[in-house]
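I have a structure here, written as structure tokens, and I will follow up with some questions on it.
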Amino acid sequence: MTRTPRIPNLGGARAFILHRPHPTVQAITRQLSAIGLIALDCWPELPPGALAADFVFFDADLGFDEQFPWKAGEAPMPLVALIGSEAPGRIEWALSHKADAQLLKPVGTAGVYSALLIARQSFEARKHLAGEIASLRQRVAERQTIVRAVAALSKGSDDERAYAQLRSLAMSWQISVEDAARRIVAMTDEEATSGEGGDDQSHRA
């Protein structure tokens, strides 16, 4: 059975509205205040305090990359794009910042609450997916390190015996197999570098 996502309590959350002075800002501020959020408007860029914000609304029509204290697509909170112009370039720019929800301008008396909920859920899903991808990449990297360590220990002979030796070293060092593999690879690389240095010195002599 599919579980219905729990509606979060947004009371007390802080939302920055990155938009030039405009009735749109007033309309969003009224709705945010009614929901229980603290609304802070700013222009032309976000202040350092915005890094601790729970939400950021930004103007997709006149926005530019330098307004944000982070790289495009790496916002640490949910973003809501305020869209008035449907020019392809402007939509593309908003997408480059991975807006989690959107509000069409002019903003009326409703829409902000649903935009907040959609943005929060989209942001959390995206963050969860990024975490899974990072974990998979880490696991692949660790497996590659183990393969390199086994190859270094076996020196082209018995891989199974080399893997058993790696596990034995990990137990004696009281660390994980992955950490032991990293140590073996580092030692192998260091020996290789030292060997190359020795060869260079002998050539110089």
Side-chain angles (χ1 to χ4, degrees), residues 1-9 13 46 48 50-56 58 65-81 91-102 115-205:
M1 187 174 70
T2 303
R3 291 184 59 186
T4 302
R6 190 165 171 266
I7 301 298
N9 179 15
L46 287 169
L51 288 168
D54 298 288
F55 297 92
V56 168
F58 70 94
D65 291 340
E66 290 73 21
Q67 289 181 301
F68 303 97
W70 53 72
K71 293 181 181 179
E74 298 182 5
M77 77 289 290
L79 299 181
V80 180
I91 300 297
E92 185 178 353
W93 180 80
L95 290 173
S96 73
H97 280 272
K98 290 185 168 57
D100 300 290
Q102 66 177 40
L116 290 172
L117 296 182
I118 292 170
R120 172 69 67 84
Q121 185 173 350
S122 176
F123 176 78
E124 292 297 336
R126 185 157 51 84
K127 189 167 66 172
H128 178 71
L129 179 60
E132 287 187 340
I133 292 173
S135 177
L136 287 171
R137 286 177 176 169
Q138 178 65 26
R139 287 165 60 185
V140 169
E142 288 176 349
R143 288 181 181 178
Q144 291 174 341
T145 302
I146 290 174
V147 169
R148 288 184 61 192
V150 168
L153 291 171
S154 69
K155 296 181 180 178
S157 57
D158 191 342
D159 286 346
E160 290 188 9
R161 182 177 296 178
Y163 183 69
Q165 183 182 356
L166 177 62
R167 293 184 63 183
S168 178
L169 287 170
M171 292 177 63
S172 64
W173 291 338
Q174 297 184 342
I175 58 178
S176 67
V177 172
E178 292 79 9
D179 287 340
R182 279 191 284 270
R183 185 177 294 185
I184 293 296
V185 169
M187 291 167 60
T188 303
D189 291 345
E190 185 177 345
E191 289 175 1
T193 302
S194 299
E196 290 174 1
D199 290 343
D200 291 342
Q201 290 176 0
S202 63
H203 289 318
R204 293 194 198 98

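Position 1 is the first residue of the sequence; numbering continues from there. All heavy atoms count here, side chains included; hydrogens, waters and symmetry mates do not.
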Listed by chain and number, what are the salt bridge (charged side-chain N to carboxylate O under 4.0 Å, His left out) partners of Asp65, not counting sequence neighbours? none
Mutual orientation of the aromatic rings belonging to His97 and Phe68 [parallel < 30°, tilted 30-60°, perpendicular > 60°]: tilted
Would you compute the distance between atom CD of Gln102 and atom CG of Leu79 and round it to the nearest 0.5 angstrom? 13.0 Å
Write down the atom of Ala162, the atom of Leu153, and the distance for their closest heavy-atom approach. O-CD1, 3.7 Å
Apply side-chain hydrogen bond (donor to acceptor under 3.5 Å, both in side chains) to Arg148 and list each qualifying residue two or more places apart in sequence or on a separate chain. Asp189
One pair to check against side chain to side chain contact (heavy atoms under 4.5 Å, CB included): Lys98 and Phe123. What are the steps and the verdict? CA-CA 9 Å; Lys98 290 185 168 57; Phe123 176 78; over 6 Å; no
Kindly list each side-chain donor-acceptor pair under 3.5 angstrom involving residues 130-141, sequence neighbours excluded, with atom names and distances?
from, atom 1, to, atom 2, distance (Å)
Glu132, OE2, His128, NE2, 3.1
Gln138, NE2, Glu142, OE2, 3.1

Once you round to the nearest 0.5 Å, how far does CD1 of Ile175 lie from CZ of Arg183? 4.0 Å
Would you say Ser122's side chain and Ile118's backbone share a donor-acceptor pair under 3.5 angstrom? no
Residue set satisfying side-chain contact (heavy atoms from CB on, under 4.5 Å) with Thr188, at least two apart, ordered chain then number -> Ala152, Ile184
Considering all heavy atoms, the nearest Ala94-Ala81 contact: CB-CB, 4.4 Å
Could you go step by step and tell me if Leu46 and Gln67 meet the side chain to side chain contact (heavy atoms under 4.5 Å, CB included) rule? CA-CA 6 Å; Leu46 287 169; Gln67 289 181 301; 5.9 Å; no
Minimum heavy-atom distance Ala53-Val56, with the two atoms named: CB-CG2, 4.4 Å
Using every non-hydrogen atom in the two residues, find where Ser176 and Ala170 come nearest and quote the distance to one decimal. O-CB, 3.8 Å
Across all chains, not counting sequence neighbours, the side-chain contact (heavy atoms from CB on, under 4.5 Å) partners of Leu95 are Ile91
So which atom in Val150 and which in Asp159 form the shortest heavy-atom distance, rounded to 0.1 Å? CG1-O, 3.6 Å
With sequence neighbours excluded, what pairs up with Arg126 under the side-chain hydrogen bond (donor to acceptor under 3.5 Å, both in side chains) test? Asp100
In this structure, OG of Ser172 is separated from CD of Gln165 (nearest 0.5 Å) by 10.0 Å
